[in-house]
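Have a look at the structure below, then the notes.
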There are 2 protein chains.
Amino acid sequence: MATIYDVARLAGVSPKTVSRVLNADGPVGEKTREAVEKAMRELGYVRSNAARMMRAQKSGIIGLITGAISTRNQPSIQQGLPDLFIVQGIQRALESSGTTLMIADTAGRNERVPHLIDTFLSHRVEGLIYVAEYHQEVSLPALPDDTPLVLANCFDSRGTPAVLPDDRRLQADLVRRLIAAGHRRIAFLALRPDMVAGRLRPFGYRDALAEAGLPFDPLLLAHVDFDQAEIGPQVLWDTIDRMLRLDSPPTVLCCGNDQMAMMVYGILRSMGRKVPDEIGVAGFDNYRVIAETLYPPLTTVELPYTAIGARTGERLLQLIAGESREAGPTLVAGPVYWRASVNERRPENVLAFRNLREENE
Amino acid sequence: MATIYDVARLAGVSPKTVSRVLNADGPVGEKTREAVEKAMRELGYVRSNAARMMRAQKSGIIGLITGAISTRNQPSIQQGLPDLFIVQGIQRALESSGTTLMIADTAGRNERVPHLIDTFLSHRVEGLIYVAEYHQEVSLPALPDDTPLVLANCFDSRGTPAVLPDDRRLQADLVRRLIAAGHRRIAFLALRPDMVAGRLRPFGYRDALAEAGLPFDPLLLAHVDFDQAEIGPQVLWDTIDRMLRLDSPPTVLCCGNDQMAMMVYGILRSMGRKVPDEIGVAGFDNYRVIAETLYPPLTTVELPYTAIGARTGERLLQLIAGESREAGPTLVAGPVYWRASVNERRPENVLAFRNLREENE
DNA sequence: CCGCAATATGACACCGATGTCATGACACCG
DNA sequence: CGGTGTCATGACATCGGTGTCATATTGCGG
């Protein structure tokens, strides 16, 4: 591959002059510039980042580690989609910064992380991002002080900058909207309590109930490990069956995620209950393939992965630039998508709710 | 960040000796080695790839361009999953080769590709991979001759090495399995004919029919643009309705992909037809969130994205190593997943089919 | 016509690792 | 005891850009 020396020779100038043309620093004569540009074109010259990087002590590279399929403890076979959207968001944020992304995946083996970090350090990355597959606590090996790190969709106990979904608020927003639609008995089929989301979202659920002056009924809240191989569907069935037999049964089922909602559709159908007329169903994630394809389309709230990625990228760029920024995690919320799986019981409330939100914007 | 000179000074040796310890070439005295290793540990030394790369004229970097969300013409809102699995497969294949992956996404703007390629070339990538979101023809700008390129999930007219799903064979394998299960009237709701998969898979469908001596009935084959915003579901409904009213209606509906199958579940339910007892449904993709969560679980065939990625990585490594390998695209097939959405009408055939396949392995 | 500033260009060193070659210290053999 | 080979180590140049400083050329006011 052609070097700056080749270009210089062909153009009959010194390498330094070519460098000046490349970087548009220092003055260059009109005719000289043209000769150099012609030479570059003829040779198909592309400047070597390695050499440049050595001199400048700046790589323009950011390292990205994804956690991907950690064998067990997966919240669902949703596998990878969060990662993907987060990475796309990161790319969008970095796009205009002139940095390039290097990626590596642990492939489920966390013990590989130190090695991946070393590889990135050897490329002198200017910053590191760790992306987790679902909201969780992680523990990463320490980095040299001068390499900033941002965690996406996860956090650690050292207070490393992190960008997280605002699970509590997202759930509260969804339940608020259900209440605004006139629902009063709202069941919540939460995710397993050993997952962060399974712990945070019930708070949001109760926040919304409390705001509206509705009582919290423990019989309407259940953590359901719906994703277990064999018995998952059965557990889900039993839970729903129990709730529907209550004296005052729920008018809507709030599911831990869209995938669970999809299973709930099947179960309700088997039970002979029509959605949304006999019972409403709401999801969580706005996993579009599910939410938009289900019939009726699923009301849900968006887990804003792309936005999380974008904020992560921005936050890292700030750290690299040395801008201090506040500490603590950045929480990201997203919109409620109101589709046909929940009936509006009181249209007038919904209008009021909309107006209220618009005023708050 | 510490350099090899810092380490050398601290250990009281020359940089070259440190280099020898690092690379385990040339002989080094026992005591010297220990002193050097101690110095490296104390300084937290990580060797600079940039410097190494300059000397060695080898980067150990592979560039990966993903096509992602090209606005229109998407086969579905499946958005990104193929990309993701392909990239994971690539990473698995490259993992042991000591190369690092750089990624960039066009973000739907194809005109950015030349710029992305230049960025990669400036990092002196040893090879390039282009990953498309769905099986399609692409056209990339020419590369310098010495940088190998492999296309994943796409192909071009220049005969660039490519790794593709064997759509025809996958569809044939699935239909064969349906026939083995005793089905004789098999409807095929194909994808749009302007998509490669929409053209190739009908051939596979007919291959399987022909092998079994079954007639091809044009009334049982329809291309359905099920994904259109408003009318998609209606078109799908009409098509199914028409087929079910035939004098000799199909006993199973083969869908263009799992997402379409999911919609078909909803439509059949609305029509009052029970799956699988009154009619079978088969998908395509083995999009697990759908196929495993639907009730009943969906019989489908796997579009082997991870394998496509792995083969792509392997093929690129071979090209980089200068091993010639055959030209032409690499076609990758995958297994049929038999779940509960299609009834076995003739169990004895299925056994025979299994034995046959095992003999062929 | 001289002096000084602005413009245009080049020589050279340096970034950090490593290939090449040289050198010094031993050990072993005849 | 000299010759030869092996081991251990270092000096030096090199990879491709670019920062620093020097030099050559031109223009313009006085």
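Just so we're on the same page: letters track the sequence lines, and every chain starts at 1.
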Grab the two heavy atoms, one from [X] and one from [Y], that are nearest each other, plus how far apart they are.
| X | Y | result |
| --- | --- | --- |
| A:R52 | A:N23 | NH2-OD1, 3.0 Å |
| A:D83 | A:G67 | OD2-N, 4.3 Å |
| B:A8 | B:S14 | CB-C, 3.7 Å |
| A:N110 | A:Y130 | OD1-OH, 4.1 Å |

### Task
Any strand is fair game: report the nucleotide pairing with C:dG3 by Watson-Crick or G-U wobble, both distances under 3.5 Å, or none.
D:dC28
## Note on the structure
Answer for the Watson-Crick or wobble partner of C:dC28, both distances under 3.5 Å, is D:dG3
Counting side-chain heavy atoms from C-beta on, which of [options] comes nearest to [X]?
| X | options | value |
| --- | --- | --- |
| A:Y45 | C:dA8, C:dA17, D:dG17 | D:dG17 |
| B:K16 | D:dT9, D:dG10, D:dG19 | D:dG10 |
| A:R52 | C:dG16, D:dT18, C:dT9 | D:dT18 |
| B:L22 | D:dG10, D:dG17, C:dT18 | C:dT18 |
| B:R55 | D:dG10, C:dA17, C:dA13 | C:dA17 |
| A:Q57 | C:dA17, C:dC15, D:dG10 | C:dC15 |
| B:P27 | D:dG17, C:dT18, D:dC7 | D:dC7 |
| A:T32 | C:dT9, C:dG16, C:dG19 | C:dT9 |
| A:M54 | D:dG17, C:dC15, C:dT18 | C:dC15 |
| A:S19 | D:dT18, C:dG16, C:dT18 | D:dT18 |

### Query
In terms of heavy-atom contacts, does CZ of B:R20 have more than 12 from other residues, nucleotides or ligands at under 6.0 Å?
yes
Rounded to whole angstroms, how far apart are [atom1] on [X] and [atom2] on [N]?
| X | N | atom1 | atom2 | value |
| --- | --- | --- | --- | --- |
| B:M53 | C:dG19 | CE | P | 15 Å |
| B:L43 | C:dA17 | CG | C1' | 16 Å |
| A:K58 | D:dT18 | NZ | P | 13 Å |
| B:D6 | C:dC15 | CG | C1' | 12 Å |
| B:D25 | C:dG19 | CG | C1' | 9 Å |
| A:I4 | D:dG19 | CD1 | C1' | 13 Å |

### Query
Toward the 5' end of DNA chain D, which comes first, A:T3 or B:E30, by nearest nucleotide?
B:E30
### Summary
Assert: residue with more 5' nearest nucleotide on DNA chain D, out of B:R20 and A:Y5, is B:R20
## Note on the structure
The residue, A:V28 or B:M1, whose nearest nucleotide of DNA chain C is more 5′ is A:V28
### Query
So what does B:R124 touch, heavy atoms closer than 4.0 Å: a base, only the sugar-phosphate, or nothing?
sugar-phosphate
### Message
Does B:V18 reach a base, just sugar-phosphate, or nothing at all? Heavy atoms under 4.0 Å.
### Response
nothing
Using OP1 and OP2 only, check whether a side-chain N or O of [X] sits under 4.0 Å from [N].
| X | N | answer |
| --- | --- | --- |
| A:S48 | D:dG17 | no |
| A:S14 | C:dT9 | no |
| B:N49 | C:dA17 | no |

### Query
Any donor-acceptor pair under 3.5 Å linking the side chain of B:R92 with the backbone of A:A107?
no
